[in-house]
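This structure is a prediction, so every number in the text was calculated from the model and none was measured. Convention: sequence-line order gives letters A, B, ...; per-chain numbering from 1.
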Amino acid sequence: MPDVPAFAPSVLADLTGRLLAWYAREGRDLPWRVKGGARPDPYRVWLSEVMLQQTTVATVGPYYAAFLARWPTVGALAGASLDDVLTAWAGLGYYARARNLHACARAVVEHHQGRFPDTEAALHTLPGVGAYTAAAIAAIAFGRRAVVVDGNVERVMARLFALGDPLPGARKALKARADSLTPEAAQAGDYAQAVMDLGATLCTPRNPACGLCPWRDACQGRRLGLAESLPAKAPRPEKPTRRGIAFWAERADGAVLLRRRPERGLLGGMMEIPSTPWREEPWTLAEALADAPLSAEWKPVPGRVRHTFTHFHLELDVVAARVGLNAHARGVWVAPDDLGHHALPTAMTRIVHLALTRKERG
DNA sequence: CAGGCGTGGTT
DNA sequence: TAACCAAGCCT
């Protein structure tokens, strides 16, 4: 890395030591961590790291426990169907992670004798394992010296060294700073988790608790009074609103119609309530009927489903119809009590909730 | 490289 | 309440 450290090597080593001491005292006791310096199961580290991508510890907790109970080993997970994995992942979001998780488990079994490779470079070749996750697994599970850089690390480095260049351009410089603080292999895993804990609990995006920070005396961002404003980020573009009409088809025996979405793209591989395409221009019912999964007397359901995805807001109106037992449509008919056994993302469970609630009130 | 890709908690 | 944000990856 081109940047010359602004801190002397002895200062950097002292900072690393202070952080490790802080971590030994204050580090969180999380389900995927092991105590006493033992090496954790690479499968558990990988599973937790993939779930934690852009997702909070609190949200991950129950999903991690459920996955580990149902699939205790990478071999067990590789033996599962993709649909079972997607169903277990439903509600966690970023469903490409679940597809890659499944593909990665199978790759480990088929190409690595059922054991995760133990180098950063080899890990990086696995589906869904990018630069961050490969470094994290190498350091935490295999005791390798790897420079682990996630959003927490970027924020902490930007503040500690008062680097004002905005993301994402500043990534390279931030990684160089992280490298300068990363200790030898034996402690790299603890160090990585320590910086991330620091970022998650003290050096938070807003209202950082600088007074409690083990690096408070050295932090240039704090000294200059701009810690909270770092790292600089480009403003996000406004989210458009897209609209659609969903078709709640209910058979005489109570079963409702679901269908599977395309394997790639938004909610790829997940189940859905059939609907029109989602577009900014509002739909009329007459116009929407061309997209209905079957011909019926569709009646508006009072209320509206709102949901926000990463890059757009969604507003769905719902229409419902009763159809005969012999009704034919592309998809699967599912009893309401069994909806929980299908891979329904949150946007879809909101449609289910609206339709069933209006039906009860009736 | 920029943009697609979920969701729930916090402010 | 609307906006912001989280232990990123892929194309």
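Within 4.0 Å of A:Arg350, counting heavy atoms only, lie sugar-phosphate atoms of the nucleic acid but no base atom. Using a 4.0 Å heavy-atom criterion, one finds that A:Lys233 contacts the sugar-phosphate atoms exclusively. A:Leu267 comes within contact range of the sugar-phosphate backbone alone, with a heavy-atom separation under 4.0 Å but no base atom that close. Among the atoms of the strands shown, only primed sugar atoms or phosphate atoms (P, OP1, OP2) are found under 4.0 Å from some heavy atom of A:Pro345. Counting non-hydrogen atoms under 4.0 angstrom, A:Arg306 reaches nothing in the nucleic acid. When heavy atoms are screened at a 4.0 angstrom cut-off, A:Gly91 is found touching the sugar-phosphate backbone but no base atom. Within the nucleic acid shown, A:Arg33 comes within 4.0 Å of at least one base atom, counting heavy atoms only. The residue A:Ala131 sits close only to the backbone: its heavy atoms come under 4.0 Å of sugar-phosphate atoms, none of a base. Nucleic acid contact for A:Leu30: base, since at least one base atom lies under 4.0 Å from a heavy atom of the residue. Within 4.0 Å of A:Ala347, counting heavy atoms only, lie sugar-phosphate atoms of the nucleic acid but no base atom. Using a 4.0 Å heavy-atom distance criterion, A:Thr55 is classed as a base contact.
Rounded to the nearest Å, the gap between the C1' atom of B:dG9 and that of C:dC9 is 23 Å. Between the P atoms of C:dA7 and B:dC5, the separation comes to 23 Å (whole Å).
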Taking it one step at a time, do A:Leu101 and A:Trp46 satisfy side-chain contact (heavy atoms from CB on, under 4.5 Å)?
-> CA-CA 9 Å; A:Leu101 191 83; A:Trp46 164 72; 3.3 Å; yes
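Other residues, nucleotides and ligands place more than 12 heavy atoms under 6.0 Å from the CZ atom of A:Arg171. Other residues, nucleotides and ligands contribute at most 12 non-hydrogen atoms within 6.0 Å of the NE2 atom of A:His353. In A:Arg25, the CZ atom is crowded: over 12 heavy atoms of neighbouring residues, nucleotides or ligands sit closer than 6.0 Å.
Nearest-nucleotide mapping onto DNA chain C: of A:Gly151 and A:Pro205, the residue sitting toward the 5' end is A:Pro205. Taking the nucleotide of DNA chain C with the nearest heavy atom to each of A:Val57 and A:Gly128, the more 5' of the two is matched to A:Val57. Between A:Asn207 and A:Ala90, the one whose closest nucleotide on DNA chain B sits nearer the 5' end is A:Ala90.
Between A:Gln54 and C:dG8 there is a side-chain polar atom (N or O) within less than 4.0 angstrom of OP1 or OP2. In this model, the phosphate group of B:dT7 is approached by a side-chain N or O of A:Thr346 to a distance below 4.0 Å at OP1 or OP2. Using a 4.0 Å cut-off, some side-chain N or O of A:His311 falls inside it from OP1 or OP2 of B:dC5. Contact annotation: A:Thr133 does not reach the phosphate of C:dA7 (side-chain N/O to OP1 or OP2, under 4.0 Å). Between B:dT7 and A:His307, a contact under 4.0 Å exists linking OP1 or OP2 to a side-chain N or O.
Side-chain to base pairing of A:Arg28 with C:dA7: one donor and one acceptor N or O lie within less than 3.5 Å of each other. A donor N or O paired with an acceptor N or O is not found under 3.5 Å between the base of B:dG4 and the side-chain atoms of A:Thr310.
Proximity note for A:Gln53 (side chain, C-beta onward) versus C:dA6, C:dG8, B:dG6: the nearest is C:dG8. Closest to the A:Asp150 side chain, of the nucleotides B:dG6, C:dA7, B:dA2, is C:dA7. Closest to the side chain of A:Tyr95, from the set C:dA6, B:dT7, C:dG8, is B:dT7. Side-chain proximity of A:Arg206 to C:dC5, B:dT7, C:dA7: nearest is C:dC5.
If you take CZ of A:Arg155 and P of C:dG8, they are 10 Å apart, rounded to a whole angstrom. Distance, A:Met157 CE to C:dA7 P: 13 Å, rounded to whole Å. To the nearest angstrom, P of B:dG6 lies 8 Å from OH of A:Tyr94. Here the C1' atom of nucleotide C:dA7 and the CD atom of A:Glu49 are 6 Å apart, to the nearest Å. Taking atom CZ of residue A:Arg97 and atom P of nucleotide C:dC9, one finds them 11 Å apart after rounding to whole Å. Atom CE in A:Met51 sits roughly 17 Å away from atom P in C:dA7 (whole-Å rounding). For the pair A:Trp89 CH2 and B:dG6 P, the computed distance is 12 Å after rounding to whole Å. Atoms CG (A:Leu314) and P (B:dG6) sit 13 Å apart, rounded to a whole Å.
Evaluation of the ring-ring contact (aromatic ring centres under 6.0 Å, His included) test over residues 198-244 of chain A, restricted to residues two or more places apart or in two chains, returns none.
A:Glu315 has a carboxylate O that lies under 4.0 Å from a charged side-chain N of A:Arg304, or vice versa, which qualifies the two as a salt bridge. Using a cut-off of 4.0 Å between Lys/Arg side-chain N and Asp/Glu carboxylate O, A:Arg33 and A:Asp29 are scored as not salt-bridged.
Between the side chains of A:Thr346 and A:Thr349, no donor-acceptor pair is found at a separation under 3.5 Å.
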